[in-house]
A.B. asks: 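Take a look at the following structure, please.
By convention in this document, chain letters (A, B, ...) are assigned in the order of the sequence lines, proteins followed by strands, and residues within each chain are numbered from 1.
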2 protein chains.
Amino acid sequence: MIQKTIKKTARREQLMREEAEQKRLKTVLELQFILDKLGDDEVRNDLKQGSNGVPVLTEEELTMLDEFYKLVYPERDMNMRLSEQYEQASVHLWDLLEGKEKPVCGTTFWLKFLFYGVEDH
Amino acid sequence: MIQKTIKKTARREQLMREEAEQKRLKTVLELQFILDKLGDDEVRNDLKQGSNGVPVLTEEELTMLDEFYKLVYPERDMNMRLSEQYEQASVHLWDLLEGKEKPVCGTTFWLKFLFYGVEDH
């Protein structure tokens, strides 16, 4: 009886963890969408001017996000194995999810905010 | 003493889970890289002909991967919230990681294989 309860609890915890991981995966896809949008001149202008209902970002904040973009989408470095490069990129994404990515962390708020701002742009 | 051991074990399990999740995140980035490559005419030709050390894919297999691409990078559907679309995309990616994505599953092998084939293309 107790064995059964333990098993049930373990199963439920496993499901909850999987659900949480899938949610984080969704967040990664959303982050990628936003970072991609930053390459769009129209969106960039909106962000600089706060037009079209988008929050204003300072040049500094935009630069910070551009720098983060390069960490997550590194240019191919032929001195490194591709899988090493992706290893590093995934660590940066992971750290951002965990709130450990400095100095982009301060902009995590912006990223979330932005998402709703440019959602249907 | 036992309490301490339990705590330590829990901590170690937590770290192992995080490491596993970060690895899966890396796999997602690699998958995205491969799926992106499928849009490149040169790579496509290599895949059809098996040239440049790349394994041959049949038209059927390429179509299957193209279909999966659309699931993971859906075109914007204005009748749906963006976050709903990403929810669905992340479920497909997740299922692929879990080996549950039919019929792309059969091509998971190809995806892995491909990765090494087009790695430094």
A.B. asks: If the condition is side chain to side chain donor-acceptor pair (under 3.5 Å), which residues does D77(A) pass it with, not counting sequence neighbours?
C.D. replies: none

A.B. asks: From the options K26(B), Q22(B), K23(B), select the one residue that forms a side chain to side chain donor-acceptor pair (under 3.5 Å) with S90(A).
C.D. replies: Q22(B)

A.B. asks: So which bits of residues 6-21 of chain B come within less than 4.5 Å of chain A, counting non-hydrogen atoms only?
C.D. replies: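 From residues 6-21 of chain B, the residues near chain A are R17(B), E18(B), E21(B).
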
A.B. asks: Hey, does Q32(B) have a side-chain heavy atom less than 4.5 Å from the side chain of V28(A)?
C.D. replies: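 Side chain of V28(A) against side chain of Q32(B), heavy atoms only: no contact under 4.5 Å found.
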
A.B. asks: Would you compute the distance between atom CH2 of W94(A) and atom CZ of R24(B) and round it to the nearest 0.5 angstrom?
C.D. replies: 9.0 Å

A.B. asks: Could you give the distance from CG (L25(B)) to OH (Y86(A)), rounded to the nearest 0.5 Å?
C.D. replies: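 Taking CG in L25(B) and OH in Y86(A), the distance rounds to 12.0 Å.
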
